[in-house]
Amino acid sequence: MPQRHRHRHRRPAHLQPAPPLPSPLADPSRPVPNLLAADRFEYFYRRQGLVRSSGEWRHFISTLHQPLPVSFRVSTAPALAHLARQCLDEGAALLRGTGALPAAAELRWCASWLVDVKAAELKAAARPELRAMHEWLTKFGSLGVLTRQAVESMVPVALLRVEPHHAVLDMCASPGSKTTQAIEALFRYGEAGASERGSGFVVANDASPARCQMLLRRCAALGEMCSQVVVTCHPAQRFPRLAAAPHGEAAEGPAASKKRKGREATKQGRKEAGGGALTAHSEGSFDRIICDVPCSGDGTTRKNPSVWHRWTVEYALSMHPLQLQIALRGVALLKVGGLMAFSTCSLNPCENESVVAELLRRTRGAVELVDASAQLPELARAQADGLCHWEVLDDEMCHYESFEAMQASGLPAALKRKFLPSMWPPPAEEAPPLHRCLRLLPHLANMGGFFVALLRKVAPLPGPLPKRTPRGESRTPPPPPPPPPPPRDASCFGEVSAASLGELSAQHALQPAALAAAPLAAELLARGGGGGGVLVRVAPQLRPLCTRAPQPSAAPRLRVIAAGYTVARRSRRGVFQLTHEGAATVAPYARRRRRLEVPVEDGRAFLSAAANTVPLAELSPSLKQAAAALPVGPVLLLFRTPHGSATLPMPGRRLRSSDSLRLLVPFTPGLEFRPKATLHALRFQLGLQDSSHAAEE
Ligand SMILES: C[S@@+](CC[C@H](N)C(=O)[O-])C[C@H]1O[C@@H](n2cnc3c(N)ncnc32)[C@H](O)[C@@H]1O
């Protein structure tokens, strides 16, 4: 332990490393060698007083060395309700447990399940029941109805209680677990069976262009729900204030919003308020913010055992300034009354409580720490209180009482610069209620280590936040700017020209007048100019964020990577090809005589046929008769499924040459939402388990 380290510098006698604790630090049963990094980890956390007894400590450490169990969320979105039911029906026997597969625990607070098997065991699938579980998870995962996500990572969104009218920002969103959870929460009003859309939306942001692509793919699985999603690429600490706030509802909901507006609206605010109009907010624009900041990730040892090999204090220290900057930007972007969940998958107080304490100090009463312990009672078992006191150590496990003591020490100047005054616990007279933070400890409920603080903005921020204050004075140079985002930005989106709408109607046998008059026409945007190569559907409340709407101020423009979902894309021959979602979107406008209901058996024939083309002679008599009466050209195929009365619309074509009907498989390369062809879903719905895709047109 510390004594074994060679000292790189001389220290005053009073700052010599603390003597080792009497109990053995390393769990002898742990599967990693007794590495210095692992020893330091244990020594460091033993000193932080995370747990109450030596017995609990051993339990804590040994749990950190065990692989994570498998956990997954089942979609609560109304659009996927029938698939979710099917998923749970089909998996019922597996969830009850059988053979080597233990019974799954249902976690109702986050609509998810936890199965105490290791992901690697499932993948290896040595036993038939494990293989069956793996196949079930894969199948429903590919249909977007089931999402693998660690339980602890579901907590921030569960605490935020997202409602259909909420404007949600996910500041550091990729790969998108919390984003997709928030999108589904936005649609959860469907519990009562309603299907209309709310006025809310999700802005999912990440600083890394490459990781934005991962985010896109994850969101894509949610199909039409993406009309209320925008993916942006900004360093979160500089995320632009929305000069055009898409709608004016306050965080508490429309009724409370009215009251609050009455009380608090400034002259400016009153002038700007107005149903759905663009409004410039001097305070923030978001009702809910997910602030899941980059962190050292040392709570993830169960998923990522390499942490044991590379753990250092310095890494955590280096995260603190960026985390604080992002959190401060988050509260600036939050509406008064709005909630922000600050979270990390780190156990280090320097990345957690100290960031929260400094944020509370700098916002001077405008932000409060919410006591969320009663909000999810089911979680109580898993949760320990936030720390009100902690120790700041260096990598040689030398403890510093205060920033001043560290400054006075013999640490080299380069190391001293890693420390900030805000890393120490706040003085007793300030004493924010840090115990209200949630520390999710792996041994308490079989999950990974996690930290969440739920913050509510209760008043406008007190003027420009001081950048440099005595406690928060930054001696660390700002992190290097991230690489510039890709060239795609808001200017890529434009209005859809009448000519394009006309082409779309003609090519897919739509009623042009009905389409032009429908609310849908107002929600279509073209990417790549008005005659656009791609038509996307974007909810009206997001339109101002995607187009070059007049900006009331010189606010920086949002760098939009993608918005909404793709309805149609021009092929190389200049023809608009509908996506699966696009077919469902335009189905109500298809000419009656160009719509064909396809019985289940005929549907299976399409999916089994070469090039998805079935000669009319091989169709069932009723479909054959209807198809024979069709003129050559586009047709919308409405596939009946064995379950329920809903149909799945897909684009098709009546071919003259072979006197046949062809199912057109949406061609889906590129960046847009829903990049995968959805034939897999259709196959599955029609009871064909083979997932091989037919040729794309
Ligand atoms: C902990 S991960 C987020 C996980 C995500 N919230 C989820 O639940 O799937 C942190 C993310 O922050 C991104 N990131 C790092 N620095 C950032 C910054 N300055 N601004 C925004 N995002 C940043 C990283 O690219 C990474 O995707």
Side-chain angles (χ1 to χ4, degrees), residues 68 71-73 110 112 147-160 162 168-185 202-222 229-240 286 288-300 303-304 307 315-316 318-330 332-333 340-348 351-352 355 440 447-452 476-486 556 558-559 561:
L68 260 191
S71 54
F72 53 88
R73 242 180 330 110
C110 53
S112 65
T147 308
R148 296 276 285 273
Q149 185 178 356
V151 175
E152 63 277 10
S153 133
M154 300 181 202
V155 174
V157 176
L159 288 175
L160 285 175
V162 174
V168 182
L169 170 65
D170 191 348
M171 301 185 84
C172 309
S174 184
S177 312
K178 295 177 192 68
T179 307
T180 50
Q181 194 186 352
I183 297 170
E184 290 197 354
V202 174
V203 177
N205 175 72
D206 201 277
S208 154
R211 288 181 64 87
C212 279
Q213 298 308 316
M214 291 166 67
L215 181 57
L216 279 182
R217 282 194 289 277
R218 192 66 87 82
C219 292
L222 299 181
V229 182
V230 164
V231 172
T232 63
C233 186
H234 287 274
Q237 65 276 26
R238 295 197 290 277
F239 190 89
F286 292 97
R288 297 290 185 267
I289 292 186
I290 306 163
C291 185
D292 188 38
V293 292
C295 67
S296 67
D298 69 6
T300 64
K303 195 168 76 181
N304 187 8
V307 170
Y315 188 30
S318 71
M319 289 289 161
H320 174 99
L322 178 62
Q323 293 167 334
L324 181 57
Q325 284 175 27
I326 294 177
L328 285 169
R329 188 65 192 154
L333 295 167
M340 176 169 101
F342 172 86
S343 59
T344 73
C345 50
S346 162
L347 297 167
N348 198 323
E351 299 179 72
N352 296 324
V355 176
L440 303 173
M447 51 172 78
F450 205 74
F451 175 90
V452 195
T476 307
L558 265 192
R559 291 193 190 112
I561 301 290

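Whatever order the structure lists ligands and atoms in, that order sets their numbers, starting from 1. Computed from heavy atoms alone, side chains included, the values below leave out hydrogens, waters and symmetry copies. Each residue takes its place number in the sequence, starting with 1.
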As an exercise, identify every atom of ligand 1 less than 4.0 angstrom from a heavy atom of A173. 5 (C), 6 (N), 7 (C), 9 (O)

I want to know if ligand 1 touches L322 in the polar sense, i.e. an N/O pair below 3.5 angstrom. no

Which residue from A210, G176, P294 reaches closest to atom 14 (N) of ligand 1 through any of its heavy atoms? P294

Atoms of ligand 1 less than 4.0 Å from D206 heavy atoms? 11 (C), 12 (O), 13 (C), 24 (C), 25 (O), 26 (C), 27 (O)

Which ligand 1 atoms, with their elements, are less than 4.0 angstrom from a heavy-atom of Q237? 18 (C), 19 (N), 20 (N)

Quick check: P235 and ligand 1, any N/O pair under 3.5 Å apart? no

Between S346 and E351: side-chain donor-acceptor atoms closer than 3.5 Å: yes

For ligand 1, which atoms, with element, lie under 4.0 Å from some heavy atom of M171? 21 (C)

Nitrogen or oxygen of N205 less than 3.5 angstrom from that of ligand 1: no

For S177, the ligand 1 atoms whose distance to one of its heavy atoms is below 4.0 Å: 7 (C), 8 (O), 9 (O)

Please round to the nearest 0.5 Å and tell me the distance separating atom CD of E152 and atom SG of C110. 10.5 Å

Identify, by atom number and element, the atoms of ligand 1 in contact range of C172, meaning under 4.0 Å from any of its heavy atoms. 3 (C), 5 (C), 6 (N), 11 (C), 12 (O), 21 (C), 22 (N)

Heavy-atom side-chain proximity of K178 to S153 below 4.5 angstrom: yes

I'd like to check whether D292 has a polar contact with ligand 1, where a contact means an N/O of the residue lying under 3.5 Å from an N/O of the ligand. yes

S174 N/O under 3.5 Å from ligand 1 N/O: yes

Consider every N or O of V293 and every N or O of ligand 1, then say whether any pair is closer than 3.5 Å. no

Near R211 (heavy-atom distance under 4.0 Å), the atoms of ligand 1 are 24 (C), 25 (O), 26 (C), 27 (O)

Can a non-hydrogen atom of S153 be found less than 4.0 Å from any atom of ligand 1? no

Going by heavy atoms in the side chains, are P240 and H234 under 4.5 Å from each other? yes

Could you point out which residue of V229, D170, V231, T180 forms a side-chain contact (heavy atoms from CB on, under 4.5 Å) with L215? V231

Can you list the ligand 1 atoms lying under 4.0 Å from a non-hydrogen atom of A236? 18 (C), 19 (N), 20 (N), 21 (C)

